[in-house]
Amino acid sequence: MDLFSEQPPDYVPLADGACWLPGFALPVMDELWSCVAQHLRIYPPQQMQTPMGYLMSVTTSSMGDWGWVSSANGYGYSAVNPATQQAWPPIPPVILHLASAAALKAGYAGFVPDSCLMNIYQAGNKMGLHQDKDEKDTSQPIVSVSLGIPATFLFGGSKRSDKTQKIPLHHGDVVVWGGHSRRFYHGVAQVKPAIHPLTGQQRINLTLRKAR
DNA sequence: AAGTGGCA
DNA sequence: GCCA
């Protein structure tokens with residue numbers, strides 16, 4: 001075995017049903033970015049307010065039957081864009097297929113998301129530790145796809161005080177969590193300034209979920 | 001608490 | 001960074 005035949009891992013187990021799939025989405029990234037860029041021109045991302053009255057660091061847009069929303073009324077899913085009261089556009093097939101394939105690779109067959117949340121991170125933006133608990137069916141996993149500049153994903157446990165694993169996510173990486181890890185706390189560390197040839201000075205994360 | 005601020 |  002010579003040094004030059006070492007390949008990067010394509011499946012990295014995290015904990016209790018979660019895994020990191022480095023570069024899993026790379027074959028479709030140009031098509032993915034074209035869908036996302038077009039979407040963001042038509043559905044400009046908005047800065048949501050938390051129930052406690054703070055502004056979120058990231059800006060947000062959605063695709064699919066259900067978009068994730070936050071306001072003084074709480075967190076949840078809405079069939080319409082709160083800024084326009086119009087329905088969200090459908091999730092493009094390339095994104096649906098990618099999400100199902102990543103879930104299958106992670107051990108979750110038959111994943112069909114009905115919600116695609118887009119979080120846009122500029123340099124300095126972050127996401128505090130939180131649990132995804134607004135979905136009805138927690139037997140369905142979460143699939144997260146990274147585009148653009150890198151970020152450190154923080155993956156903890158079922159308690160907010162649990163130690164977090166630091167995952168360096170790059171363009172084309174996918175993370176899947178389900179099973180016991182479905183409710184684990186997770187977040188994103190402050191994003192450092194960088195340039196990506198496709199997305200420029202930003203990171204876009206797609207979070208695919210079965211909301212209802 | 002998808003948040004901030006205090007202390008190290 | 002960790003904790004509340």
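The structure displayed is predicted, hence computed values, not measured ones. So you know, we letter chains A, B, ... as the sequences are listed, proteins then strands, and number each from 1. Side chains are part of it too, since the values below use all heavy atoms of this structure and drop only hydrogens, waters and symmetry mates.
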What I want to find out is whether A/Lys210 reaches A/Asp137 closely enough, with some N-O distance under 4.0 Å, to be called a salt bridge.
no
Less than 4.0 Å between a side-chain N and a carboxylate O, is that true for A/Glu135 and A/Arg212?
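So A/Arg212 does not pair with A/Glu135 through a salt bridge.
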Can you find a side-chain donor-acceptor pair between A/Asp173 and A/Ser146 that sits under 3.5 Å?
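Distance-only check fails for A/Asp173 and A/Ser146.
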Among the nucleotides B/dG3, B/dA2, B/dT4, which one has an atom lying closest to any side-chain atom of A/His130?
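Taking heavy atoms from C-beta onward, the closest nucleotide is B/dA2.
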Counting only heavy atoms not in A/Gln131, do more than 12 sit closer than 6.0 Å to its CD atom?
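Yes, because the 6.0 Å sphere around CD of A/Gln131 holds more than 12 heavy atoms from other groups.
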If I take atom [atom1] in residue [X] and atom [atom2] in nucleotide [N], what distance separates them, rounded to the nearest angstrom?
X        : N     : atom1 : atom2 : result
A/Leu55  : B/dG3 : CG    : C1'   : 10 Å
A/Ile142 : B/dA2 : CD1   : P     : 14 Å
A/Leu129 : B/dA2 : CG    : P     : 9 Å
A/His186 : B/dA2 : NE2   : P     : 10 Å
A/Lys166 : C/dG1 : NZ    : P     : 8 Å
A/Asn125 : B/dA2 : CG    : P     : 16 Å
A/Gln190 : B/dG5 : CD    : P     : 13 Å
A/Ile120 : B/dA2 : CD1   : P     : 19 Å

With a cut-off of less than 4.0 Å, is there a side-chain N or O of A/Lys163 near OP1 or OP2 of C/dG1?
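No, A/Lys163 has no side-chain N/O under 4.0 Å of OP1/OP2 on C/dG1.
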Does B/dA2 have its OP1 or OP2 closer than 4.0 Å to a side-chain nitrogen or oxygen of A/Tyr75?
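Yes, within the criterion.
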Between B/dG3 and B/dC7, how far apart are the two P atoms, rounded to whole Å?
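Result for the P pair: 22 Å, nearest Å.
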Assess the pair A/Phe111 and A/Trp177: is the distance between their ring centroids shorter than 6.0 Å?
no
Over all strands shown, is A/Thr60 touching base, sugar-phosphate only, or nothing at heavy-atom distances under 4.0 angstrom?
nothing
Using a 4.0 Å heavy-atom cut-off, does A/Lys126 contact any base of the nucleic acid, only the sugar-phosphate backbone, or nothing at all?
sugar-phosphate
